[in-house]
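To start, the structure under review is shown below, and the notes come after it.
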Amino acid sequence: MLLDVRGLKAGYGPTWVLQGIDFAVAEGGVTALLGANGAGKTTTLRAVCGMIRTEGTINLAGRAINGRATEDIVRLGVAHVPDGRGTFMELTVEENMKLGAITRHDKGVAADFERMFELFPRLKQRFRQQAGTLSGGEQQMLAIARALLLRPRLLLMDEPSFGLAPLIVQEIFGIMARVRDEQKVSILLVEQNANLALEIADHAYLLETGRIVVSGPAADIRQDESVRRSYLGY
Amino acid sequence: MASQFSEAPPSLRSGVVRPGFRVDPRLLWAIGIALLLLPLFTAESYRLFQLTLAAIYAIAILGLNLVTGYNGQISLGHGAFYAVGAYVAAIMLDKLSLPWWSTLPAAAVICGIVGWGIGRPALRLGGLYLALTTFSLAVAVPQILKYKGIEDWTGGVQGVLVTKPDAPFGLPLDVDQFLYLVTVGIALGVFVLARNLMASRIGRAMMAIRDHALAAEAMGMDIANLKTATFAVSAMITGLAGALSAIAVEFVSPDSFQATLSITLFVGMVVGGVASIIGPIFGGLFVVFVPNLAEEISKSAPGVIYGCILIAFLFVLPGGVAGLLRRLPALLRRR
Amino acid sequence: MNGFLHQVIAGIATGGIYASVALALVMIYQATHHVNFAQGEMATFSTYIALTLVNAGWPFWLAFLATVAISFCLGVMIERVLMRPVANASVLTHVGVFIGLVLVVSNLTGWVFDYTVKPFPTPFHDGPLLGGLISGHELGSTAVTLVVLGLVFLFFRYTRLGLAMRAAAYNPASARLVGVRVGWMLALGWGLAAAIGAIAGIMVAPVVFLEPNMMLGILLYAFAGALLGGIDNPGGAVIGGFAVGVIENLGGTYIVGTELKLTLALVIIIGVLLVRPAGLFGRVVLSRV
């Protein structure tokens, strides 16, 4: 298991949002974290990369990372496409992408830039433009490109479909599948759009008010009539 | 959920209920007034003068605390109001030969008007910008006071000399004793008024604006007017202190009102206790007596020590001396 | 007419000093949204270090470089020791710590180096040039200022570290997520600001003479310049600094006279905040009423 999480509690103030959850992300696959608003999905991602207070163990490739600073966790190969996309609005698209690779000192950065242009041709068109002027979909692409330029082992994605037109969502999920196949990145995907997520995921967990209520192979969950009715609502 | 239980009062947690400890407030008042009168009979005149100054600073710091501590408008320029109050008093005494007691309300009213005039545009400035602007005001004050165009009134660089009033009605008090009595009396009045103000609906509104401006506005408070009025009242109180200081020091000059004065008031506020009524008393004592002690080390020592104490308080005791006193019973009980 | 031109040029020369200090203020403002009230005092302290080195027989430019390096380290230290612990505290606490810093640094300067006004050497041939239009020192200090401002621009625009610092200032949360060590970027920002301040201090000291309160007025003009240009815009702040230098000189000569020069800075500050709080080139800042 690339990421192995046990008994994770996490929260912002004196109380825990996550009440002690266990989950894992397999190497080279897409793991989906589903659930309603306020279930604790975003909190889970923030906990994994050390942005909030946690308790429990979080192991990345066998190495404990809980309690470490976000910067250090990122440098171990965890990239995060945060909710709200985290665009550096004042900087150009180029600078945003350079920041994605800012911790890298290898020679492959230029080649990775080219790969990103191939995945997201629009970023090439907008290369010199201020990132704040991009559309929502373009910013989402930029956020994914920024995260991939880290050459991460684990990619955390927080609701990549949020607020985007269906066509763009299709495009982004298509790219995600390509990235998984071509780049050996494992993805932990948080989504409210369960239908979409279960299509791409291998394994899924269902969160409800800070607890995992269902887990299993994505295909099984998709088939399970009762889970769909009571939790996913479609 | 669990955290709510852990925040229960200590007596509940330990399972032991201690008997309440109550003192008749009238007794406290009597002790307090006796303590205030004590120096009249025991202190030599220089010590009495220092205590008078401490009371004056306490009033000035109280004024600052209303606007900065309670209302959240950071002023680093209250020395300007202090200066205006002092000059009003000095000019009325020296140039117009008016009686000393008439200068106090006059200084308060004029400073209130000036405060309103500055507080109105200051509304548009966020916390930091207001601090910056008032700091600039503090730096510019001596220059404005030296301005040649108003030299006939202000005495320019030379300043204005005044004399302390004698005790009226043949009271057996010397000038220092009389001034001490007057100052302490006025201070007492101002502090009681301020306490009542802060306990009132208006006081709560002032604090609500500091803590949750949006919520306060949503609840229909007239934020603009309340903030401006707070600034004006604050300036009034500090200006009153300035007038008293002119009389006590018997001299005003531009160099008495440099930026350091505003900073001194700010330090006194933090050390005494931000958003505390009794805090400024400790602040006043602090700014008068601590530099004297420190000056024995070096001329620059007071400044350095001031700065260190200010930072230390912000780090360790952000509630100031008053905050410490408030927490003391709880701290002792925990033992 | 020649007099007017001379005033403009002299204004540009002092404006360069204001521009440097304004830039230092803006750098810290961008990263932390606080204005360092002690920027001027820190610069004065640095200038005394330079004087001490020069008096000890160091060549001027070596002393200059050493002072800049020492100031950089002091700036980093101040951020680490004083500002870090209160990073999440209220504005009042921040302002208080800055004021504490003003008190400590300015009085420490007086304590260590005493209060007498001291002349400060200029490294430039100091005589009138171009028929008295500009002095050698004015020309030299303006050149130094422009070079420094240019280097700072290039650093932020074209280096990895500069990019990381800008990212940390604009969006600390996102910067952490790409692995930028935001805490260190803030400390570096403080170091750079202190270094720039030191250069400004060294360049202005031969003109105004060195004493512990040397930078107080200059800080005020720098505030005014930074606000005029836009407190969140480094380029704007530099232009604002130059503009304030010219306004100050012309205003002092033709309108209010030298005695009220500081008041002029106050008027500019209040004027900008009331008429255009975002400054000429800044983004619109919020103003709550």
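Labels below follow one simple rule: chain letters A, B, ... track the order of the sequence lines, proteins then strands, and each chain is numbered from 1.
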Top of [options] for chain C proximity - count of heavy-atom pairs under 4.5 angstrom:
| options | value |
| --- | --- |
| A/Val78, A/Ile73, A/Thr70 | A/Thr70 |
| A/Lys98, A/Glu95, A/Arg146 | A/Glu95 |
| A/Leu150, A/Asn96, A/Leu99, A/Thr87 | A/Leu99 |

Apply side chain to side chain donor-acceptor pair (under 3.5 Å) to residues A/Glu191 and A/Ser161 and explain how you reach the verdict.
CA-CA 8 Å; A/Glu191 256 303 338; A/Ser161 74; 2.9 Å; yes
May I ask you to decide if the ring planes of A/Tyr205 and A/His203 are parallel, tilted or perpendicular, using 30° and 60° as cut-offs?
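Taking A/His203 first and then A/Tyr205, their aromatic rings sit tilted (interplane angle of 30° to 60°).
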Would you call the rings of C/Phe98 and C/Trp190 parallel, tilted or perpendicular if under 30° counts as parallel and over 60° as perpendicular?
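Because their plane-to-plane angle is under 30°, the rings of C/Phe98 and C/Trp190 count as parallel.
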Pairs in or reaching into residues 73-112 of chain A: which pass ring-ring contact (aromatic ring centres under 6.0 Å, His included), with residues at least two apart or in two chains?
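The answer is none; no pair qualifies.
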Which region of [X], side chain (C-beta onward) or backbone (N, CA, C, O), has a non-hydrogen atom less than 4.5 Å from a non-hydrogen atom of chain C, or is it both or neither?
| X | answer |
| --- | --- |
| A/Ala101 | backbone |
| A/Met89 | neither |
| A/Leu91 | side chain |
| A/Arg104 | backbone |

Contact check, side chains of A/Asp83 and A/Arg46, non-hydrogen atoms, under 4.5 Å
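Side-chain contact under 4.5 Å: yes.
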Specify the closest pair of heavy atoms between A/Met1 and A/Ala24, including all atoms of both residues, with the distance to one decimal.
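Where A/Met1 meets A/Ala24 most closely, the heavy atoms are SD-CB, 3.5 Å.
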